[in-house]
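A quick write-up on the structure given underneath.
A, B, ... follow the sequence lines: proteins, then strands. Residue 1 opens every chain.
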2 protein chains.
Amino acid sequence: MRTQEVFKAISDPTRRKVLKLLQGGSKSAGELAEAFDITKGSLSHHFNVLKAADLVRCERRGQQIVYSLNTTVFEDVAAVLLDLFKVDKGNGEPS
Amino acid sequence: MRTQEVFKAISDPTRRKVLKLLQGGSKSAGELAEAFDITKGSLSHHFNVLKAADLVRCERRGQQIVYSLNTTVFEDVAAVLLDLFKVDKGNGEPS
DNA sequence: TCGATAGTTTGACGAACTTCAAAATAACGA
DNA sequence: TCGTTATTTTGAAGTTCGTCAAACTATCGA
């Protein structure tokens with residue numbers, strides 16, 4: 001897992017909101033953009049950060065590009081976060 | 001909970017390592033500093049970020065300042081993180 | 001009170017981040 | 001092929017971040 005990329009990705013409120021919106025199902029870039037007050041260019045940059053963290057996938061569908069959560073990594077992410085926020089076992093290696 | 005401060009705090013590897021170290025028990029600033037290759041001034045800055053997020057507490061003990069995890073907020077933090085990384089209920093309000 | 005020890009605060013710097021406007025790319029329909 | 005729509009990429013500006021060195025504060029022991 002790209003730990004540092006994941007932490008960087010979720011450190012921004014806009015990107016967390018994107019993840020939240022995608023929990024309701026896949027959405028095109030344009031649909032997502034309606035929920036924000038920033039330009040589509042800026043939002044596209046955020047999509048790239050989320051992609052670099054492997055948190056979302058995208059697929060062209062005609063003229064649109066549809067984003068969806070990459071649920072396969074969510075378990076890993078949750079595990080790392082819980083390791084950081086639960087005092088228990090774990091090898092203690094910093095993430 | 002200071003959501004944004006928490007996310008910002010955990011976005012840096014040095015600060016995550018501090019949290020990890022404190023999971024092994026309270027430590028003074030100097031003891032923590034031994035685990036890093038940056039100046040004490042820089043580390044002190046990281047302590048401030050962790051304090052702003054309410055993730056750690058500190059207490060003077062003689063000449064030393066002892067840091068410890070503020071475990072009371074860890075449950076809240078874990079809940080927010082799981083809300084972000086688990087597709088389930090929740091009001092969908094972005095964190 | 002003085003000197004030593006433990007940490008913090010300040011000021012400065014380069015790197016990284018967020019944003020916008022504008023240009024570029026891609027796919028569709030006529 | 002041309003124009004339109006959807007989205008990304010580029011280039012630039014301003015802001016935030018992580019770091020250091022140096023100055024500062026607080027406590028202890030003599």
Side-chain angles (χ1 to χ4, degrees), chain A residues 2-22 25-70 84 94-95, chain B residues 2-22 25-70 84 94-95:
Chain A
R2 305 187 157 175
T3 308
Q4 182 52 40
E5 277 83 358
V6 168
F7 279 108
K8 184 182 119 183
I10 65 176
S11 71
D12 180 80
T14 297
R15 290 190 289 263
R16 290 199 299 275
K17 189 171 171 183
V18 169
L19 292 176
K20 270 291 173 194
L21 289 168
L22 290 180
S26 303
K27 288 183 176 55
S28 71
E31 286 175 316
L32 288 168
E34 290 172 15
F36 299 90
D37 277 337
I38 60 179
T39 65
K40 292 192 172 190
S42 298
L43 205 48
S44 191
H45 154 71
H46 287 300
F47 295 154
N48 278 332
V49 177
L50 290 169
K51 274 192 283 186
D54 213 22
L55 289 169
V56 305
R57 290 274 161 78
C58 69
E59 156 197 23
R60 178 172 284 278
R61 207 172 292 173
Q63 271 163 292
Q64 324 192 69
I65 293 182
V66 175
Y67 285 90
S68 54
L69 292 183
N70 178 14
L84 186 61
S95 36
Chain B
R2 305 187 157 174
T3 307
Q4 181 51 40
E5 277 84 358
V6 168
F7 279 107
K8 184 183 121 186
I10 67 176
S11 70
D12 180 80
T14 298
R15 289 190 290 263
R16 291 199 297 275
K17 189 171 172 183
V18 169
L19 293 176
K20 269 292 174 195
L21 289 169
L22 290 180
S26 303
K27 287 183 177 55
S28 71
E31 285 175 318
L32 288 167
E34 290 171 15
F36 299 90
D37 277 337
I38 60 178
T39 64
K40 292 192 174 190
S42 298
L43 205 48
S44 191
H45 153 71
H46 288 301
F47 295 154
N48 278 332
V49 177
L50 290 169
K51 275 191 283 185
D54 212 23
L55 289 170
V56 305
R57 291 273 161 80
C58 69
E59 157 197 22
R60 179 173 282 277
R61 207 173 293 174
Q63 272 163 293
Q64 323 192 69
I65 293 183
V66 175
Y67 285 89
S68 54
L69 292 183
N70 177 14
L84 186 60
S95 37

Requested in this report: Answer yes or no: is there an ion pair linking A/E59 with A/R61, defined by an N-O contact shorter than 4.0 Å?
Outcome: yes
Requested in this report: Take the protein atom CZ of A/R60 and the nucleotide atom P of C/dT25, then report the distance between them rounded to whole Å.
Outcome: 13 Å
Requested in this report: Please tell me if the side chains of B/I38 and B/H46 come closer than 4.5 Å, counting only heavy atoms from C-beta onward.
Outcome: yes
Report summary line: To the nearest angstrom, the CD-P distance between A/E5 and C/dA16 comes to 13 Å
Requested in this report: Select base, sugar-phosphate, or nothing to describe what B/R15 touches, counting heavy atoms under 4.0 Å on all strands.
Outcome: sugar-phosphate
Query raised in the report: Can you tell if the side chain of A/K27 reaches within under 4.5 Å of the side chain of A/L22, non-hydrogen atoms only?
Result: yes
Query raised in the report: Which whole-number value in Å describes the distance from A/K8 NZ to C/dA16 C1'?
Result: 8 Å
Query - Contact boundaries on DNA chain D for chain B, cut-off under 4.0 Å to non-hydrogen atoms - result: D/dC17 to D/dC28
**Report entry** Atom-pair distance (CG on B/D12; P on C/dA16), nearest Å
**Finding:** 14 Å
Requested in this report: In whole angstrom, give the distance that lies between atom CD1 of A/I10 and atom P of C/dT18.
Outcome: 13 Å
Requested in this report: Mind checking B/Y67 for me? I need base, sugar-phosphate or nothing, with any heavy atom below 4.0 Å counting as a touch.
Outcome: sugar-phosphate
Query raised in the report: Taking for each residue the nucleotide of DNA chain C with the nearest heavy atom, is it A/R61 or A/S11 whose nucleotide lies nearer the 5' end?
Result: A/S11
Query raised in the report: So, do B/K17 and B/F36 sit near enough that their side-chain heavy atoms are less than 4.5 Å apart?
Result: yes
Query raised in the report: Which is true for B/G41 with a 4.0 Å heavy-atom rule: it touches a base, it touches only sugar-phosphate, or it touches nothing?
Result: base
Query - Integer-rounded Å distance: C/dT18 P and A/D37 CG - result: 17 Å
Query raised in the report: Side-chain N or O of B/S28 less than 4.0 angstrom from OP1 or OP2 on C/dG7?
Result: yes
Requested in this report: Can you tell me the distance, in whole Å, between the CG atom of A/N48 and the C1' atom of C/dT19?
Outcome: 15 Å
Query raised in the report: With sugar-phosphate meaning primed atoms plus P, OP1 and OP2, does B/H45 contact a base, only sugar-phosphate, or nothing at under 4.0 Å between heavy atoms?
Result: base
Query - For A/T39, side chain to side chain donor-acceptor pair (under 3.5 Å) partners two or more places apart - result: A/S42
Query raised in the report: How do B/S44 and B/Q63 order along DNA chain C: which one's closest nucleotide is nearer the 5' end?
Result: B/Q63
Query - Minimum side-chain heavy-atom gap B/K8-B/V49 below 4.5 Å - result: yes
Report task. Could you check B/F47 against B/V18 for side chain to side chain contact (heavy atoms under 4.5 Å, CB included), going step by step and ending with a plain yes or no? Result -> CA-CA 9 Å; B/F47 295 154; B/V18 169; 4.2 Å; yes
Query raised in the report: Hey, does the side chain of B/K40 come within less than 4.0 Å of C/dT8's phosphate (OP1/OP2), counting only N and O?
Result: no
